[in-house]
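Note that ligands are numbered from 1 as they come in the structure, with each ligand's atoms numbered from 1 the same way.
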Amino acid sequence: MTIEDFRPSKKITTFYPPQRILMGPGPSDTHHRVLSAMARPTLGHLDPVFVIMMEEIKELLRYAFLTKNKMTFSVSAPGSVGMEMCFVNMIEPGDKVVVCRNGVFGPRMVENVERHGGVAVVVDDKWGEPVDPQKVEDTLKQHPDAKILAFVHAETSTGVLSDAKTLCEIARRHDCMTIVDTVTSLAGSPIKVDEWGIDAIYSGSQKCLSCPPGLSPVSFSERVTDFVKKRKVKVHSWFMDINLLLGYWGSSTRTYHHTAPTNALYALHESLVMLSEEGLEHSWARHKRNHEALKAGFETMGIQYVVDEKYRLPQLNSVFIPDGIDDKAVRARLLDEYSLEIGAGLGDFAGKVWRFGLMGTSSRVENVLTCLNALEVVLSDMGMNLKRGAAETAAHQSYAANPMS
Ligand SMILES: *Cc1c(COP(=O)(O)O)cnc(C)c1O
């Protein structure tokens with residue numbers, strides 16, 4: 001063998017991705033301001049200028065989460081690691097954790113509990129339904145020794161929003177700490193960490209924050225950081241131990257922990273600056289308004305939502321695929337002809353449900369109109385009897401009826 005034998009068999013050159021419209025379950029479209037932030041010069045991760053920017057990220061994240069928690073920062077890894085970080089720090093062997101399961105992400109929480117030596121007590125709700133607070137209350141009564149309640153605020157697999165405020169209130173009454181997954185809800189639906197008394201919360205960069213994937217904003221209450229400091233057994237992960245991370249993200253005198261993904265953090269910084277410029281309430285209202293317009297268009301086509309109106313996520317619209325329509329063929333045509341990506345159904349919903357994301361920068365008027373028009377054309381071609389232009393007209397009427405203040 002020579003060195004030449006290890007060369008790739010085809011000539012590989014620079015990768016130029018096509019310009020898509022991302023309307024799936026995430027990632028969402030990245031705003032050009034965020035993309036250009038990433039292209040700025042790389043700094044050393046202990047450079048004093050970079051450290052100032054990190055402090056700003058912490059402040060901006062406290063705004064996004066509505067918290068004064070000191071321990072609020074970005075994990076250098078995707079949302080799944082934010083999830084794991086909460087469990088690995090907060091569970092000691094044998095600890096009982098009540099986990100709510102109403103979609104794809106609850107079972108991952110159960111996996112986390114068990115892999116970190118805890119005992120999971122599962123509260124099940126049907127796919128497409130929110131977590132039932134009464135069941136949680138009953139379960140905590142039956143298990144007074146439970147230490148943590150964990151649930152997903154916005155279930156991306158089904159498009160359901162659960163009542164985080166009530167669930168956290170129940171947990172407090174039973175002296176449980178809470179772990180809340182807000183990967184899809186942060187910036188898209190109201191989250192009030194301090195007011196609701198959430199102890200550990202994690203999110204992702206690539207959903208309603210419209211940043212490229214790969215970062216996980218997290219925040220921990222003092223209750224959590226005090227507990228982790230006093231743990232009897234060391235955290236079973238070196239990288240995710242928040243005691244060690246405190247030395248890097250926590251204090252102004254930084255010590256090396258790992259090399260921060262500098263350019264990715266510029267992107268997060270820019271997306272958070274954009275969020276603070278827009279204002280949280282405006283962002284929530286924008287997500288709602290675009291959802292209403294998309295829904296109005298779907299109604300003209302007879303497309304039905306999976307989730308009851310009361311619990312629908314504006315940023316993730318899951319709908320039943322009309323009878324006789326070929327799931328894969330529709331998604332392939334939307335991608336090939338309109339460069340439009342939508343999400344397929346997961347698990348029990350595979351082949352039955354489409355998921356239309358309207359997250360972050362993707363949540364905008366042009367996307368709603370493009371999507372409705374494209375879908376109308378494709379479904380008409382596949383034999384559905386649709387009045388051309390009706391969906392767009394309905395969307396415009398919805399926008400007119402819901403002006404943005
Ligand atoms: C996307 C998502 C995750 C996982 O985030 P990754 O960045 O893909 O690791 C976790 N929970 C929910 C609810 C999500 O939607």
Side-chain angles (χ1 to χ4, degrees), residues 22-30 34 61 64-65 73-88 99-113 115 125 127-131 150-164 167 178-191 198 200-219 237 239-240 261 264-265 267-268 271 287 306-307 311-318 341-347 349 353-360 362-363:
L22 298 179
M23 284 184 63
S28 56
D29 292 338
T30 306
V34 175
L61 280 177
F65 281 127
F73 64 100
S74 164
V75 181
S76 306
S80 305
V81 180
M83 177 190 282
E84 186 132 7
M85 180 176 271
C86 296
F87 288 93
V88 76
V99 182
C100 306
R101 190 163 62 179
N102 64 335
V104 159
F105 293 98
R108 290 191 180 185
M109 289 178 153
V110 174
E111 272 287 310
N112 267 279
V113 171
R115 283 171 189 246
D125 279 291
W127 278 48
E129 289 180 11
V131 174
F151 65 91
V152 179
H153 185 217
E155 230 326 324
T156 324
S157 59
T158 64
V160 152
L161 184 70
S162 287
D163 182 353
L167 293 171
T178 42
I179 298 178
V180 186
D181 177 321
T182 58
V183 176
T184 281
S185 43
L186 186 64
S189 307
I191 296 167
I198 295 173
I201 190 165
Y202 60 92
S203 188
S205 48
Q206 76 277 27
K207 307 216 181 176
C208 296
L209 290 178
S210 266
C211 195
L215 294 174
S216 178
V218 293
S219 183
S237 160
F239 183 76
M240 286 183 281
L265 288 174
L268 181 64
S271 71
H287 282 86
V306 171
V307 176
Y311 312 114
R312 270 177 213 162
L313 280 175
Q315 62 275 48
L316 198 284
N317 297 259
S318 56
E341 180 185 276
I342 65 165
L346 291 177
F349 283 172
V353 163
W354 286 322
R355 293 179 300 153
F356 292 84
L358 285 171
M359 300 180 181
S362 288
S363 179

> Does Leu265 reach the side chain of Leu215, with side-chain heavy atoms less than 4.5 Å apart?
Replying inline: yes
>> With a 4.5 Å cut-off on side-chain heavy atoms, are Ser216 and Val81 touching?
In response: no
> Of the protein's non-hydrogen atoms, which lies at the shortest distance from atom 15 (O) of ligand 1, and what is that distance?
Replying inline: Thr156 OG1, 2.3 Å
> For the atom pair CD1 (Ile179) and OH (Tyr202), what is the distance rounded to the nearest 0.5 Å?
Replying inline: 8.0 Å
>> Looking at ligand 1, would Ala154 count as a contact under a 4.0 Å heavy-atom criterion?
In response: yes
> Which of the atoms of ligand 1 are close to Thr184, meaning less than 4.0 Å from one of its heavy atoms?
Replying inline: 15 (O)
> Would Thr158 and Ser318 count as having a side-chain donor-acceptor pair, cut-off 3.5 Å?
Replying inline: no
> If we ignore angles and hydrogens, is there a donor and acceptor under 3.5 Å between the side chains of Ser363 and Gln315?
Replying inline: no
> Which ligand 1 atoms does Gly79 reach within 4.0 Å, using its non-hydrogen atoms?
Replying inline: 5 (O), 6 (P), 7 (O), 9 (O)
> Quick one: nearest non-hydrogen protein atom to atom 11 (N) of ligand 1, plus distance?
Replying inline: Asp181 OD2, 2.7 Å
> Do Tyr202 and ligand 1 have an N or O pair less than 3.5 Å apart?
Replying inline: no
> If you count the atoms of ligand 1 from 1 in the order shown, which ones are under 4.0 Å from a heavy atom of Ser80?
Replying inline: 4 (C), 5 (O), 6 (P), 9 (O)
> Would you find a donor on one side and an acceptor on the other, under 3.5 Å apart, between the side chain of Asn102 and the backbone of Glu129?
Replying inline: yes
> With a 4.0 Å heavy-atom cut-off (strictly under), which part of Lys207 contacts ligand 1: side chain, backbone, both or neither?
Replying inline: side chain
>> Could you identify the single nearest non-hydrogen protein atom to atom 3 (C) of ligand 1 and state the distance to 0.1 Å?
In response: Phe105 CE2, 3.4 Å
> Are any of the side-chain heavy atoms of Trp127 and Ser157 separated by less than 4.5 Å?
Replying inline: yes
> For ligand 1, which part of Gln206 has a heavy atom less than 4.0 Å away: the side chain, the backbone, both, or neither?
Replying inline: side chain
>> Within the 4.0 Å heavy-atom shell around Pro78, which atoms of ligand 1 are there?
In response: 6 (P), 7 (O), 9 (O)
> Does a side-chain heavy-atom distance below 4.5 Å link Ser28 with Ser210?
Replying inline: yes
